[in-house]
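Contents: one structure, followed by commentary.
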Amino acid sequence: MTEKRVRVRFAPSPTGPLHIGGVRTALYNYLFAKKHGGDFILRIEDTDQARYVPGAEEYIFEALTWVGLTFDEGVHIGGACAPYRQSERKSIYKQYAEALLQNGHAYYAFDTPGELEAIRKKQESQKQTFQYGPLTRGSMKNSLTLPAEDVKKKLDSGEAFVIRIKIPDNEDVVVNDLIRGVVSVQSNQLDDKVLFKSNGLPTYHLANVVDDYLMKISHVIRGEEWLPSAPLHVLLYKYLGWENDMPQFAHLPLLLKPDGNGKLSKRDGDRLGFPVFPLQWEDTVSKEVSSGYRESGYIPEAVVNLLAFLGWNPGTEQELFSMEELIQSFSIDRINKSGAKFDAEKAKWYNHRYLIKKTDEELLELFFPMLIKKGICSTDDYIQKVISIVRERVNFVHELWDQAHFFFIAPESYDEKAVKEKWKENSPAILTELADRFKNLTEFTAGIIHNAVQEFLKEKQLGMGQVMNALRLTIVGSSAGPDMFKMLDLLGMEETIRRIERAINTIKK
RNA sequence: GCCCCGUUCGUCUAGGGGUUAGGACAGCAGAUUUUCAUUCUGUAAACAGGGGUUCGAUUCCCCUACGGGGUACCA
């Protein structure tokens with residue numbers, strides 16, 4: 001077999017916001033495509049009009065763009081295989097269903113949804129599951145059981161029908177999965193899935209196979225939830241005569257809840273305090289808002305990195321990877337088989353790593369909107385200096401405010417516990433004297449202040465802690481924060497004096 | 001229920017018939033410092049259980065348990 005050009009697709013259905021697991025699936029597809037110099041395609045699988053959610057498609061595109069995934073073909077950009085929205089490809093599926101009808105691998109079925117449901121209910125009450133398949137199709141209403149003329153009559157009269165695949169009897173169907181190896185299923189376990197719905201649209205199974213073939217997809221990389229229907233897809237390729245062009249399959253392990261069990265789901269995010277969606281999403285009906293990584297302050301590069309490592313690893317001890325590095329190192333055979341629990345703590349750590357990689361200018365850019373919101377007015381230069389001395393202390397941009405608010409607003413109250421521990425009987429006296437020293441300094445820079453304080457300590461026979469702790473309280477309002485001398489330098493002498501005096505007058509002991 | 005997939009520290013994972021079972025996050029302890037945090041150093045922590053195969057199994061096979069997925073005219 002000649003080497004096929006690598007072409008992969010990400011094929012979400014626009015039924016709501018893209019789940020973070022979906023982002024990972026897209027990422028793996030992208031990495032694989034780029035690694036092999038292939039194409040990454042976005043196809044929208046909207047064959048279920050009842051579940052269509054307005055805005056979902058835009059959301060998907062925006063989310064993927066945000067994390068830095070770009071498509072070579074797809075909705076929004078077009079390409080040689082356009083259109084890329086299945087609802088716009090409606091007319092092309094019917095012929096393939098008919099070909100299957102022709103060659104005897106599919107048949108018409110006339111059982112109504114109501115009838116099917118009744119049978120399922122009945123079986124269920126007997127603790128059994130009804131499967132429309134090799135064992136049961138003989139007693140159902142379809143072109144296999146009905147006389148040919150009845151079938152024709154029904155068809156001619158416009159009676160609703162579906163087209164079902166005719167699963168073979170007693171045959172081992174083999175799926176060769178790139179991650180799991182050979183997966184074999186007995187065909188009797190499969191059911192005669194509907195391929196073509198009564199509303200004239202194909203189901204996912206038909207559409208996905210037809211489109212992958214027509215779009216010359218070389219590798220189907222998708223979630224593990226598709227593994228059970230992969231044998232069906234293999235059968236379809238075979239019956240459609242495309243066996244030699246069948247893509248290779250890779251079924252990804254699922255993303256699991258961090259606590260307990262089960263697939264990571266919509267509700268987990270807000271319950272456990274981390275987003276499950278890349279972007280914030282407001283439900284069109286319930287107006288319920290689900291948080292997004294972007295809005296929560298995650299850096300896209302960090303999200304990419306942490307997602308890449310949930311189910312895959314390079315086999316080295318390197319933890320931090322840029323997209324380019326991921327592309328270089330990625331390979332399907334290093335993808336894990338088992339599901340991965342999402343670790344919110346590690347996600348924060350990744351964000352911290354990427355945040356401190358940013359320059360002060362970049363952080364200013366990101367931090368600025370928040371300052372505006374707080375009504376802070378300051379110069380870029382000042383803000384950047386502030387950022388430079390607190391940046392190491394945060395995981396998220398919004399935390400910069402928690403670490404730096406006192407650079408913009410003087411403390412109005414003083415942390416009670418800190419006062420109790422750090423504010424001594426003689427603090428006012430010491431600080432008054434220190435403030436006088438400050439006033440006499442010709443220059444007010446970190447180094448000079450440091451020297452002055454040291455001299456002061458020596459003269460007064462005081463320890464660093466006795467003075468600095470109280471001083472910090474006056475400047476910050478609590479006993480936390482970065483290096484004092486750098487802070488004073490930034491704040492300037494006047495503000496420093498003002499804060500010292502205010503604290504002396506305010507803190508009563 | 002039935003079918004499919006899986007199971008190495010709390011979590012993400014490396015490894016693989018003979019290893020001190022390695023790393024990262026989180027934890028704990030120490031160091032640094034004017035505080036808090038960062039950082040650095042150290043430390044604790046795992047092969048689900050039972051049978052085989054083998055000189056030897058965490059690694060290969062089987063069973064059990066547990067977990068996950070599927071079982072729609074949804075994708």
Side-chain angles (χ1 to χ4, degrees), chain A residues 11-15 45-48 50-51 109 111-113 116-117 120 123-124 126-132 160-164 175 177 179-180 183-186 188-191 193-199 201-205 207-208 222-231 251 253-254 256 258-263 306 309-320 334 336-350 352 356 390-394 403 418 421-422 453 457 463-473 476 478-485:
Chain A
S13 83
T15 53
E45 311 230 322
D46 55 351
T47 51
D48 184 5
R51 294 210 307 157
D111 319 85
T112 66
L116 290 171
E117 203 187 321
R120 286 209 177 86
Q123 294 270 334
E124 223 169 88
Q126 292 167 223
K127 291 213 177 249
Q128 284 184 313
T129 312
F130 171 72
Q131 271 205 330
Y132 203 124
F161 68 86
V162 298
I163 297 172
R164 286 180 182 272
V175 179
D177 189 274
I179 296 172
R180 286 151 217 287
V183 176
S184 176
V185 181
Q186 232 294 322
N188 287 349
Q189 299 297 335
L190 266 24
D191 57 348
K193 278 269 173 332
V194 171
L195 301 177
F196 203 80
K197 301 186 266 190
S198 59
N199 65 3
L201 283 169
T203 58
Y204 168 84
H205 301 107
N208 139 271
R222 80 237 288 195
E224 196 187 356
E225 69 268 28
W226 293 112
L227 191 52
S229 51
H251 293 273
L254 266 17
L256 274 19
D259 68 337
N261 311 306
K263 197 159 66 155
L306 74 93
F309 272 66
L310 244 29
W312 172 87
N313 80 87
T316 65
E317 289 185 355
Q318 185 180 344
E319 299 274 338
L320 266 19
R334 293 206 64 90
N336 276 302
K337 293 182 177 73
S338 48
K341 286 185 184 168
F342 190 91
D343 186 347
E345 285 306 316
K346 199 156 188 177
K348 285 181 194 165
W349 175 78
Y350 270 115
H352 177 250
I356 59 176
V390 298
R391 53 181 297 149
E392 288 279 347
R393 313 165 70 83
V394 302
Q403 293 297 327
E421 285 169 7
K422 317 284 190 189
V453 168
L457 294 180
M464 199 65 140
Q466 290 173 272
V467 176
M468 299 306 272
N469 289 333
L471 180 57
R472 177 177 298 279
L473 191 55
V476 178
S478 70
S479 66
D483 181 80
M484 278 304 297
F485 302 113

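Please read these numbers as outputs of a predicted model, since none were measured by experiment. Here is how names work: the chains are called A, B, and so on, in the same order as the sequence lines, proteins then strands, and each is numbered from 1. No hydrogens, no waters, no symmetry mates; every other heavy atom, side chains included, goes into these values.
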Q: May I ask you to evaluate whether A:Asn313 reaches the phosphate of B:A14, defined as a side-chain N or O under 4.0 Å from OP1 or OP2?
A: yes
Q: Using a 4.0 Å heavy-atom cut-off across all strands, classify A:Asn188 as base, sugar-phosphate, or nothing.
A: nothing
Q | 5' priority, RNA chain B, between A:Trp312 and A:Ala347 [closest heavy atom] | A | A:Trp312
**Q.** Which nucleotide in B:C73, B:C25, B:U35 has an atom nearest any side-chain atom of A:Thr203
**A.** B:C73
Enumerate the protein-to-nucleotides 38-45 of chain B contacts in which both atoms are nitrogen or oxygen and the separation is below 3.5 Å.
residue : atom : partner  : partner atom : Å
B:U38   : O2'  : A:Glu392 : OE1          : 3.0

Q: For A:Gln128, report the nucleic acid contact type (base, sugar-phosphate, nothing); a contact means any heavy atom under 4.0 Å.
A: nothing
**Q.** N/O donor-acceptor pair under 3.5 Å between A:Asp46 side chain and A:Pro14 backbone
**A.** no
(Q) Mind checking if A:Val162 touches a base, just sugar-phosphate, or nothing, with heavy atoms under 4.0 Å? (A) base
(Q) Both A:Lys193 and A:Arg334 contact RNA chain B. Which one's nearest nucleotide lies toward the 5' end? (A) A:Arg334
Q) So what does A:Pro482 hit on the nucleic acid, given a heavy-atom distance under 4.0 Å: a base, only sugar-phosphate, or nothing? A) base
N/O to N/O distances under 3.5 Å, protein versus nucleotides 5-7 of chain B:
residue : atom : partner  : partner atom : Å
B:C5    : O2'  : A:Arg180 : NH1          : 2.4
B:C5    : O2'  : A:Glu224 : OE2          : 3.1

Q) Nearest-Å distance, CG (A:Leu306) to P (B:U11)? A) 18 Å
Q) What does A:Asn336 touch in the nucleic acid at a heavy-atom separation under 4.0 angstrom: a base, only the sugar-phosphate, or nothing? A) sugar-phosphate
Q.
Over all strands shown, is A:Arg120 touching base, sugar-phosphate only, or nothing at heavy-atom distances under 4.0 angstrom?
A. sugar-phosphate
**Q.** Rounded interatomic separation in angstrom, taking CD from A:Gln186 and C1' from B:C4
**A.** 13 Å
Q. Can you check the A:Asp48 CG to B:C74 C1' distance for me, whole Å?
A. 5 Å
Q.
Under the rule for ring-ring contact (aromatic ring centres under 6.0 Å, His included), what residues qualify as partners of A:Phe196, not counting sequence neighbours?
A. none
Q: Name the nucleic acid region contacted by A:Gly311, choosing base, sugar-phosphate or nothing; use a 4.0 angstrom heavy-atom cut-off, strictly under.
A: sugar-phosphate
(Q) Keeping A:Glu392 on the side-chain end and A:Ile356 on the backbone end, is there a donor-acceptor pair under 3.5 Å? (A) no
Q. If you look at every strand shown and take non-hydrogen atoms under 4.0 Å, does A:Tyr204 touch a base, only sugar-phosphate, or nothing?
A. base
Q: Remember a base hit wins even if backbone is also touched, and classify A:Thr47 as base, sugar-phosphate or nothing at under 4.0 Å, heavy atoms.
A: sugar-phosphate
Q. Does the side chain of A:Lys197 get closer than 4.0 angstrom to OP1 or OP2 of B:A72 through an N or O atom?
A. no
